[in-house]
2 protein chains.
Amino acid sequence: MKLTDSTTESSILEAAKHVFVFKGFEGARMQEIADEAGINKALLHYYFRSKDKLFEAVFIDAFVKFVPTILITLNSNSPLFRKIEVFVDHYIELLSKNPFIPGFILHELSRNSERLSKIMRTVGLNPDPFSEQVLAEISAGSINPIDPRELIVNLLALCIFPFVGKPILKIVLFKNNEEEYAEFLNKRKQAAAQFIINSIKKA
Amino acid sequence: MKLTDSTTESSILEAAKHVFVFKGFEGARMQEIADEAGINKALLHYYFRSKDKLFEAVFIDAFVKFVPTILITLNSNSPLFRKIEVFVDHYIELLSKNPFIPGFILHELSRNSERLSKIMRTVGLNPDPFSEQVLAEISAGSINPIDPRELIVNLLALCIFPFVGKPILKIVLFKNNEEEYAEFLNKRKQAAAQFIINSIKKA
DNA sequence: TTTTGATTTAACTGTGTAGTTAAACCAGAC
DNA sequence: GTCTGGTTTAACTACACAGTTAAATCAAAA
């Protein structure tokens, strides 16, 4: 017998991801997902029984791809400044290739934050190792004192905000010029890291 | 004759704002808005002919309340560091009172960025005065060199991200403790400003 | 008292959408 | 050749929702 063709399932997931990410759960249409996957609605329900189930699969996929990688980098064992540079560079690079994922995740989380608790149980996310490294550097007197959580939020904010705020930033700061904005994002890999390091390094 | 009761119109707008902000355009229901405004669906359409028109009114209202105030503060004539402190303090305060507005605006803008161009024509937003102030300080040698646009993005990112990212930050960094997160936001008024100033001030 | 406009009621239209169903088709496995 | 499971087709149900309509009510203004 023909085994379940995994390309069908993955092409559904890919199509669903595309539609859900751009239109959100409420705005997405099962028909549109089927069309984009090159199949029909019946087969869509044959693979994923409901819109909710399909969305769940897409969301978890996007979430797992983006959120845990954050802390994996931060919990490696590199010197702090180097770690910040690598993190900002890698994360902005990842976001540049998937610019609509953060907005999608943030919006769907605020639409249903219950979902989050469920996912968090499966995905371990522990900021403590990084926090301890920061505290150690402070004790050693090599950086200015700062709440490690402030530093984490700042790291994330400086990387993610240029993407979720792109529509308005592009207009207000770059006269809607796409190339200039892309260039800005590219320079930002250096600039954001430098901005953070400047702020915490001892005078 | 009884004049159009402006309380009805404003209670509709208030209800609509509440529903649209929490559920988004697609997720919002006209019936729910009518219920929340204490009226019926027929009267809702009597005042605002369509869902689109009602949404437009709500969105412009939210947008005008939040976006231009940003640059008004930044274009005042205070010394740079003082300006940064005041901006961060005022903006985080404003956001604390309306924590769901930024997510709403960002999401709806990415859902329909055409809307933005239309609004932008009515709302003047010019970052140049602030940029010139920054460039002047750099020339005078009183701060480290930085692209003024980077600085603007950083200012906004550090203020806004804690609100749009609240669901996940609260869980990962604060074990879902609401009070601790509120306290964090409050401390952040000082911390974020200090973080920025530390970064740009000459050693 | 008459007029006018705000407001309600309740039923209705039309449409879009998720999900179902049944029959048929097709290709590889046995 | 038959069986099996992925796949299509096309029609269908059931429902939710935006928007409409018409008639009635009510309160204030004239």
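To find a chain, count down the sequence lines: A is the first, B the second, and so on, and within it residues start at 1. Fair warning: this is a prediction, and the values are worked out from it, not measured in the lab.
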Measure [atom1]/[X] against [atom2]/[N] and give the value in whole Å, please.
X       : N      : atom1 : atom2 : result
A/Leu43 : D/dA10 : CG    : C1'   : 15 Å
B/Tyr47 : C/dG5  : OH    : P     : 13 Å
A/His45 : C/dT17 : NE2   : P     : 13 Å
B/Glu9  : C/dG5  : CD    : P     : 17 Å
A/Lys51 : C/dT20 : NZ    : P     : 15 Å
A/Arg49 : C/dT21 : CZ    : P     : 12 Å
B/Phe55 : D/dC17 : CZ    : P     : 18 Å

message: List the residues meeting side chain to side chain contact (heavy atoms under 4.5 Å, CB included) with A/Glu26, not counting sequence neighbours, and say none if there are none.
response: A/Arg111, B/Glu26, B/Arg29
field: Salt-bridge present (A/Glu150, B/Lys187; N to O < 4.0 Å)
entry: no
message: Run the salt bridge (Lys or Arg N to Asp or Glu O under 4.0 Å) test against B/Glu178 and tell me which residues pass, sequence neighbours left out.
response: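 Once residues adjacent in sequence are excluded, the partners of B/Glu178 under the salt bridge (Lys or Arg N to Asp or Glu O under 4.0 Å) criterion are B/Lys166, B/Lys170.
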query: Hey, does the side chain of A/Thr8 come within less than 4.0 Å of D/dT7's phosphate (OP1/OP2), counting only N and O?
result: yes
- prompt: Between residues 20-42 of chain A and DNA chain C, which residues have a heavy-atom gap below 4.0 Å?
  reply: A/Ala28, A/Arg29, A/Met30, A/Lys41, A/Ala42
Set of side chain to side chain donor-acceptor pair (under 3.5 Å) partners for A/Ser50, sequence neighbours left out: none
- prompt: By side chain to side chain donor-acceptor pair (under 3.5 Å), which residues pair with A/Lys65, not counting sequence neighbours?
  reply: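 Not a single residue meets the side chain to side chain donor-acceptor pair (under 3.5 Å) criterion with A/Lys65.
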- request: Determine which pairs satisfy salt bridge (charged side-chain N to carboxylate O under 4.0 Å, His left out) with at least one residue from residues 72-92 of chain B, sequence neighbours left out, and list them in order.
  value: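 Matches after skipping sequence neighbours: B/Arg82-B/Glu85.
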